[in-house]
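Since we're looking at a predicted model, the values are computed, not measured. Labels below follow one simple rule: chain letters A, B, ... track the order of the sequence lines, proteins then strands, and each chain is numbered from 1.
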Amino acid sequence: MNIVSILKASIQKAVEALYDKKVSLEELSINETKAEFSGDYTLVTFSLTKLLQKKPDEIAHELGSYLLANDPLVTDFEVIKGFLNVTIHSDYFIEFLAGNYSNSQYGKSDWAHEKIMVEYSSPNTNKPLHFGHLRNIFLGHAVAAILKNVGNEVVKVNLINDRGIHICKSMIAWQLFANGITPEQAHVKGDHFVGDYYVKFNDEYKLQVATLIADGMNEELAKKEAPIMLAAQDMLRKWEAGDEATLTLWKTMNSWVYAGFDVSYKKLGITFEHIYYESQTYLSGKSIVEKALANQLLFQKEDQSVWIDLTDAGLDQKLLLRGDGTSVYMTQDIGTAMLKYNDYHTDKSVYVIGDEQNYHMQVLKLIMQKMKEPCADGIQHLSYGMVELPTGKMKSREGTVVDADDMVDEMVGIAKKNTEELGKVDGFSSEELLQLYNTLGLGALKFYLLRVDPKKKMIFNPEESIDFHGFTGPFVQYSHARISSILRKATVEDLTLDVKPAISRTEKNLLKLLEQYPAILFQAAKEMNPSIVCNAVYQVAKEFNAFLVDHSVLKAADANTMKQRLQICLLCKHVIAHGLHLLGIAAPERM
RNA sequence: GGUCCCGUAGUUCAAUGGAUAGAACGAAAGUUUCCUAAACUUUAGAUACAAGUUCGAUUCUUGUCGGGACUACCA
C-alpha cells in the first residue's frame with residue numbers, strides 16, 4: 001500500500017462518516033500537489049459535488065477538517081477552490097525510508113501472474129540492422145523486463161525472416177558478383193556483407209530495367225522481365241522445391257548474417273529464450289486454415305482460393321490460401337502464432353512490431369478469434385512509431401538509412417571523447433575504460449530511444465549527436481556514480497537510527513518519488529511503456545542532484561542525520577540501478 | 001476514394017478531464033577553498049485553426065488546414 005492508496009481509503013472512510021455516502025476508490029482523484037501550493041497530495045472535489053450535493057470548497061473544507069482530526073498521517077490541509085491540499089506527516093516517509101533503504105530489489109513486485117511471450121527484433125536476413133530496428137529491440141527487451149518485474153513469467157523470442165524473395169536477391173547477386181569471396185576474406189561483418197549484395201542486386205536490377213526500357217519495352221513489363229529478377233524468382237522456386245545447391249548457398253549466406261547479428265546482439269546486451277525461423281514455420285499455417293475451412297469458418301471461391309470474411313468487423317475479405325494451395329504472409333503468421341502457443345501455452349503473446357502493420361495485426365487477431373483458436377485473445381500488438389529523419393522516412397534506396405552498428409560505434413566514440421575531456425578516470429584499467437565507454441554510449445542510445453512513448457513516431461536528426469546532458473542516460477548514470485562515490489567513502493556500516501532527524505522539503509520530495517516507484521513500474525507494465533521508467537529514474541536522479549547541493553551527507557551535523565542521508569543515498573542508488581536495469585542500461589560505480 | 005494515427009516553446013519530448021501547460025537541448029546570466037560542475041540556480045519562450053460538451057478541455061465531439069501510415073493471390 002502506498003500513500004496515495006492509503007489516503008484514498010482514508011477519504012473514502014471520511015465520506016462515509018461525514019455524509020453517510022459510499023464513494024468508490026476509482027472516483028477519487030488524487031494528484032501530487034503543485035509546487036507553488038503547500039501540501040503533498042491534492043484531492044479534487046469537483047467530481048464529488050453531485051454525490052454529496054455540496055459546493056466543492058465546502059466538501060474540501062469538511063473532508064480536510066475530518067482528516068486532520070481523525071487521520072494521524074495528515075498534519076495539515078489547505079483548500080483552494082475545489083482542491084484539497086493535504087500535507088502528509090514526515091514520519092510516514094521516514095518510516096518508509098527506514099523500512100526499504102537496504103532492499104536492493106526495491107521496486108520488484110508480485111502483482112501479476114501471467115505467462116507472457118514477447119516477440120521482438122524479428123529481422124530479415126538480407127540486410128544489417130538499422131536505427132529503426134534498435135527502437136524495436138530496446139523496446140522489446142525493456143518491456144519484457146518490465147513485465148517480469150511485476151511478477152509475470154516472460155518468454156523472449158525472436159522470429160527471423162530467413163526465407164523469401166529478399167534473401168534470394170542477395171544470393172543471386174553474390175553468385176553473379178562475388179567470385180566466391182566470403183565475409184572473412186573480405187573482412188566485412190557477415191550481415192553487412194550479405195546486405196551489400198542485396199544493394200548490388202538492386203543496382204543491377206535498376207540498370208537492367210533501364211536498358212530494357214531504352215530498347216523499347218514499357219516500364220511495367222521491364223520490371224517483370226529484368227533477367228536478374230527472373231533469376232531471383234527462379235531461385236525462390238528452387239528453394240521451395242528443396243534444390244540442394246540452392247539450400248546450401250542459402251544456409252551459408254544466412255550463417256554469415258547470423259554471425260553478424262550475434263555480434264550486434266551481444267554488444268547491445270540483448271538475449272532471447274527461443275529463436276523461431278520462418279523457414280521452419282511458414283508452411284504450418286496451411287493445415288490450420290484447412291481445418292477451419294472444414295469447420296465452415298472460412299469459405300472458398302471458384303478458383304479454390306480460401307478466404308475469411310471480416311466484413312462484420314468493418315474490414316474486407318482476406319485471402320488465406322491461394323488458388324494453387326500455397327500460403328500467403330498471413331497464413332504463415334497464423335501458423336507461427338499457433339506454434340508459439342503450442343510451445344509455451346502463454347496467456348498473452350506480445351508482438352513488438354511497427355505501426356505500419358497495425359492493420360495486419362488487427363486482422364491476424366480477428367482471424368484467430370474467428371477460427372476460435374485459444375491463443376487468439378492473448379495476441380497483443382505492441383505497436384510503435386517509426387524512427388524518422390528530419391527529412392522523412394529512412395529509405396535504403398536513397399542511402400539515408402542509419403546503420404545500427406555505425407550508430408553504436410559513434411555513441412561509444414562520443415562517450416570516449418567526453419570521458420577523456422573530463423579526465424575523471426584515473427586508476428581505470430584500459431579494459432575498464434572500454435567497458436565504461438560502452439556503458440555510457442549504449443546508455444545514451446537506449447535511453448534516447450526509450451524515453452519517447454512507443455506509440456509515437458520519433459524524429460532523429462543525424463546532424464545532432466545524441467546528448468549526454470539533461471534528460472539522458474548518461475545524466476542518470478552520472479547520478480548513480482556520484483551516489484556510489486559517496487557510499488564508498490562512508491565509514492559507518494550500520495545505518496540504524498537512534499533518533500529520527502526531521503527531513504527537509506527537498507528530502508521529502510525525493511522520498512515521495514521513491515515511495516511511488518513501485519506503483520509507477522506497475523503502470524509501466526500495464527501500459528507496456530518503458531518511457532514511464534525513463535521518466536521515473538530521471539526524476540529521482542534530478543531530485544537527488546538537487547538534494548546533494550545543500551545537504552552534506554558525510555559532513556552532516558550529527559551522526560543520525562548522516563545515517564539518514566546515507567539511507568536516502570542507498571535507496572536512490574537502488575532505484576536508479578533497478579530502473580536502468582529494466583531499460584537494459586548498466587549503472588556505473590564510477591565515471 | 002476508404003480506414004486509422006499525429007499537429008504543444010527555435011528543436012526534441014511530457015502532461016488518469018483539474019490549479020498559472022512541465023522537462024531537456026539551444027539562447028542569456030550566475031554557482032566550485034566543501035561528498036564527481038557529465039552537476040546546480042535564474043531568465044525569455046508553446047497547446048495549428050474554429051465551434052461544441054463540461055464547474056473546468058492539450059486531453060472528449062464535430063468541422064477546417066497541415067503531416068503520416070495502411071488499404072496486394074509481396075514478405
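Judged by a 6.0 Å distance limit and a 45° cone about the ring axis, A:Lys563 is not positioned over the six-membered ring of A:Tyr101. Judged by a 6.0 Å distance limit and a 45° cone about the ring axis, A:Arg135 is not positioned over the six-membered ring of A:Tyr384. With a 6.0 Å cutoff to the six-membered ring centre and a 45° limit on the axis angle, A:Lys318 does not count as a cation-pi contact of A:Trp307.
Within 4.0 Å (heavy atoms only), A:Arg590 reaches at least one base atom of the nucleic acid. When heavy atoms are screened at a 4.0 angstrom cut-off, A:Ser29 is found touching base atoms of the nucleic acid. Nucleic acid contact class of A:Thr419 (heavy atoms, under 4.0 Å, all strands): base. Nucleic acid contact class of A:Val452 (heavy atoms, under 4.0 Å, all strands): sugar-phosphate only. Nucleic acid contact for A:Gln332: sugar-phosphate only, since backbone atoms but no base atoms lie under 4.0 Å from a heavy atom of the residue. Within 4.0 Å (heavy atoms only), A:Phe475 reaches sugar-phosphate atoms of the nucleic acid but no base atom. Within 4.0 Å (heavy atoms only), A:Val549 reaches sugar-phosphate atoms of the nucleic acid but no base atom. Within the 4.0 angstrom heavy-atom criterion, no nucleotide atom of any strand lies near A:Ile165. Note on A:Lys455: nothing from the nucleic acid sits closer than 4.0 angstrom, heavy atoms only. Residue-level contact check: A:Asp550 touches neither bases nor backbone, having no heavy atom under 4.0 Å from any strand. Residue A:Leu548 is in base contact, counting any heavy-atom pair closer than 4.0 Å across all strands shown.
One finds a side-chain N or O of A:Ser485 lying less than 4.0 angstrom from the OP1 or OP2 phosphate oxygen of B:rU36. For the pair A:Lys81 and B:rA19, the criterion of a side-chain N or O lying under 4.0 Å from OP1 or OP2 is not met. Phosphate contact (OP1/OP2 of B:rA37, side-chain N/O of A:Arg482, threshold under 4.0 Å): present.
Applying the 5.5 angstrom centroid cut-off and the 30 degree plane-angle cut-off, the aromatic ring of A:Phe37 is stacked upon the base of B:rA19. The aromatic ring of A:Phe46 stacks onto the base of B:rG18, its centre lying under 5.5 Å from the centre of the six-membered base ring with the two planes under 30° apart. B:rA23 has no base stacking with the ring of A:Phe471 when judged by centroids under 5.5 angstrom apart and an interplanar angle below 30°.
With RNA chain B read from its 5' end, the first of the two nearest nucleotides for A:Met591 and A:Asn535 is the one closest to A:Asn535. Between A:His360 and A:Ser531, the residue anchored closer to the 5' end of RNA chain B is A:Ser531, taking for each the nucleotide with the nearest heavy atom.
A:Thr506 and A:Asn509 share no donor-acceptor pair across their side chains, judged by distance under 3.5 Å alone. Residues A:Thr561 and A:Gln564 have side chains that never bring a donor and an acceptor to within less than 3.5 angstrom of each other.
Consecutive Watson-Crick or G-U pairs involving RNA chain B, each under 3.5 Å on both distances, make up stems of three or more pairs at B:1-7 with B:65-71, B:10-13 with B:22-25, B:27-31 with B:39-43, B:48-52 with B:60-64.
Distances were taken from every side-chain heavy atom of A:Lys457 (C-beta onward) to each of B:rU12, B:rG67, B:rG7; the shortest belongs to B:rG67. Taking the side chain of A:Arg322 as heavy atoms from C-beta on, and the options B:rA69, B:rC73, B:rC35, the nearest nucleotide is B:rC73.
If you check distances only, the side chain of A:Asp303 does reach the base of B:rC73 with a donor-acceptor pair under 3.5 Å. Between the side chain of A:Asn85 and the base of B:rA19, at least one donor-acceptor pair of N or O atoms lies under 3.5 Å. Between the side chain of A:Thr42 and the base of B:rA19, at least one donor-acceptor pair of N or O atoms lies under 3.5 Å.
Side-chain atoms of A:Thr419 come within 3.5 Å of backbone N or O of A:Ala415 as a donor-acceptor pair.
You'll find the ring centres of A:Tyr478 and A:Phe475 outside the 6.0 Å limit.
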Notebook entry, point to check: Between A:Phe83 and A:Phe37, does a ring-ring contact (aromatic ring centres under 6.0 Å, His included) hold up when you go through it step by step?
Noted result: CA-CA 11 Å; A:Phe83 299 96; A:Phe37 302 104; 7.9 Å; no

